[in-house]
> 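Sending over a structure as structure tokens; questions will come in a sec.
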2 protein chains.
Amino acid sequence: MSSPAPSSISEVLSYEKAQRMAEFFSLLGDPNRWRILSVLALGETRVRDLAERVDMTESAVSHQLRILRSARMVSYHKQGRNVFYTLQDHHIFNLYRDVSEHLDEPEEDPGLAADSIAEANE
Amino acid sequence: MSSPAPSSISEVLSYEKAQRMAEFFSLLGDPNRWRILSVLALGETRVRDLAERVDMTESAVSHQLRILRSARMVSYHKQGRNVFYTLQDHHIFNLYRDVSEHLDEPEEDPGLAADSIAEANE
DNA sequence: ATAACCCATGAATCTCTGTTCAGCTATTGA
DNA sequence: TCAATAGCTGAACAGAGATTCATGGGTTAT
């Protein structure tokens, strides 16, 4: 048994844990996914309109939404033949807002906002 | 002219900005880079020892260090024929620590810590 | 019922990224 | 000087990820 042990920083990261960390960051490692999130941050949107606003094909958007869905970053609800997507919750919204705003600060590397990231995974 | 304008969240993210955001997250989107950072979080380390501890070839480690270097996440100093690498600064250390600890919390998705991420980019 | 529209999905393709491999420089020790 | 060690780098190769293309299901309108 033995509980996972609150690994303070005293050992090399396990491969399994490193994998999980990398997977989350990879989700945000695509510019088009960020653009999609940026549209959703303005309010719920149909796939079709989403595609138009980010200038991608509907298919490409749909594939990306699948990824964001399985990561629980967006949710959706159907209405007739339309499907409306939204940011899953305020954590995701804060994540987008914080990272985005941090990048607006001039003279700095691409910026982020870590508290939001923490929340985004809950 | 016209200053960049503190883009509040009212428009679609520009492609250029989305790109920068994605690039930063991509840096942390590889498990081996996390493992390397985890070793460096324990103290400065030679490339050779680094390779041994994360179980990678020296060459592979060297390639990854090149990426981390150009992202200013690690720094180094030579001593004879050895090259010692360290985390660039406490921001990077905090980033690693926070994200790592967040992941230790049971029953949650891969976790992160956004304030550290913000700092890590300065 | 038929046509048009919205969206999802699988396969193929293409691109990007990471590792391996071979070779090179520089430094140390015999 | 010669051999061995430490590290870096470019090219080749392989795998992962993203888009395109074609297709199919479900819904609305005619």
Side-chain angles (χ1 to χ4, degrees), chain A residues 13 15-16 18-40 44-86 110, chain B residues 13 15-16 18-40 44-86 110:
Chain A
L13 202 55
Y15 216 109
E16 183 266 338
Q19 186 79 36
R20 281 186 293 157
M21 292 166 81
E23 271 169 16
F24 176 80
F25 278 87
S26 288
L27 280 176
L28 303 174
D30 181 89
N32 285 332
R33 278 197 288 275
W34 276 113
R35 281 166 58 82
I36 288 172
L37 292 178
S38 81
V39 173
L40 296 182
E44 69 174 13
T45 314
R46 294 189 306 157
V47 176
R48 194 171 195 304
D49 295 335
L50 210 41
E52 189 178 352
R53 301 186 65 179
V54 299
D55 193 33
M56 295 171 66
T57 65
E58 285 183 37
S59 179
V61 169
S62 192
H63 277 296
Q64 294 296 5
L65 286 173
R66 179 172 171 19
I67 294 174
L68 294 173
R69 238 161 44 215
S70 62
R72 299 177 189 284
M73 297 188 81
V74 302
S75 59
Y76 66 97
H77 68 91
K78 298 181 183 177
Q79 211 170 70
R81 56 186 168 190
N82 295 316
V83 179
F84 290 86
Y85 280 83
T86 339
Chain B
L13 202 56
Y15 214 109
E16 183 266 337
Q19 185 80 35
R20 281 185 294 157
M21 292 166 81
E23 270 169 17
F24 176 81
F25 279 87
S26 288
L27 280 175
L28 301 174
D30 180 88
N32 285 334
R33 276 197 287 276
W34 277 111
R35 280 166 58 81
I36 288 173
L37 292 178
S38 81
V39 172
L40 297 183
E44 68 173 13
T45 314
R46 293 189 306 157
V47 175
R48 196 174 192 302
D49 295 335
L50 209 42
E52 189 178 352
R53 301 186 65 180
V54 298
D55 193 33
M56 295 170 66
T57 65
E58 286 187 39
S59 180
V61 170
S62 193
H63 278 297
Q64 294 296 7
L65 286 173
R66 179 172 174 14
I67 294 174
L68 294 173
R69 238 160 43 216
S70 62
R72 299 176 189 285
M73 298 189 79
V74 303
S75 58
Y76 67 96
H77 67 93
K78 298 182 182 175
Q79 211 170 71
R81 54 186 168 190
N82 295 317
V83 179
F84 291 86
Y85 279 83
T86 337

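Throughout, protein chains are lettered first and strands after them, A, B, ... in sequence-line order, and every chain is numbered starting at 1.
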> Any donor-acceptor pair, under 3.5 Å, between the side chain of B:Ser59 and the base of D:dT9, if you only look at N and O atoms?
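Looking at the base of D:dT9, it does pair with a donor or acceptor on the side chain of B:Ser59 (distance under 3.5 Å).
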> Considering only distance and modelled atom types, tabulate donor-acceptor pairs under 3.5 Å from the side chains of residues 52-63 of chain B, sequence neighbours left out.
unit_1, atom_1, unit_2, atom_2, d
B:Thr57, OG1, B:Ala60, N, 3.0

> Taking side chain to side chain donor-acceptor pair (under 3.5 Å) as the definition, give me every residue that meets it alongside B:Tyr76, ordered by chain and number, with sequence neighbours left out.
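Not a single residue meets the side chain to side chain donor-acceptor pair (under 3.5 Å) criterion with B:Tyr76.
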> Starting at atom CZ of A:Phe25, determine the distance to atom P of C:dT17, rounded to an integer number of angstrom.
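The answer, rounded to whole Å, is 17 Å.
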> Tell me if a side-chain donor or acceptor on B:Trp34 pairs with a main-chain N or O of A:Gln19 at a distance below 3.5 Å.
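Looks like no, no N/O pair under 3.5 Å.
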> Can you name the atoms? Protein N/O to nucleotides 12-19 of chain D N/O, anything below 3.5 Å, with the distance.
unit_1, atom_1, unit_2, atom_2, d
D:dA18, OP1, A:Arg33, NH1, 2.9
D:dA18, OP1, A:Arg33, NH2, 2.8
D:dT19, OP1, A:Asn32, ND2, 2.4
D:dT19, OP2, A:Gln64, NE2, 2.5

> Polar-atom pairs under 3.5 Å, protein N or O versus N or O of nucleotides 1-7 of chain C: list them with distances, or write none.
unit_1, atom_1, unit_2, atom_2, d
C:dC6, OP2, A:Arg48, NE, 2.7
C:dC6, O3', A:Arg81, O, 3.3
C:dC6, O3', A:Asn82, OD1, 3.3
C:dC7, OP1, A:Val47, N, 3.3
C:dC7, OP1, A:Val83, N, 3.1
C:dC7, OP1, A:Val83, O, 3.4
C:dC7, OP2, A:Arg48, N, 2.6

> Can you pull the salt bridge (Lys or Arg N to Asp or Glu O under 4.0 Å) pairs that have at least one residue in residues 30-40 of chain A, sequence neighbours excluded?
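Not a single pair qualifies under salt bridge (Lys or Arg N to Asp or Glu O under 4.0 Å).
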> So, does A:Ser26 use its side chain to make a donor-acceptor pair with the main chain of B:Gly29 at under 3.5 Å?
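Checking the backbone N and O of B:Gly29 against the side chain of A:Ser26, a donor-acceptor pair under 3.5 Å is found.
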> How many Å lie between NZ on B:Lys78 and C1' on D:dC8, as a whole number?
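Going from NZ in B:Lys78 over to C1' in D:dC8 covers 9 Å.
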> Could you check if a side-chain atom of A:Met73 sits within less than 4.5 angstrom of a side-chain atom of A:Leu28, using non-hydrogen atoms only?
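Yes, side chains in contact.
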> For B:Leu65 and D:dG7, give me the distance from atom CG to atom P, rounded to whole Å.
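Taking CG of B:Leu65 and P of D:dG7, I get 10 Å after rounding.
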> Could I get the full list of salt bridge (Lys or Arg N to Asp or Glu O under 4.0 Å) partners for B:Arg46, not counting sequence neighbours?
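Testing B:Arg46 for salt bridge (Lys or Arg N to Asp or Glu O under 4.0 Å), a comparison that skips the adjacent residues, returns B:Asp49.
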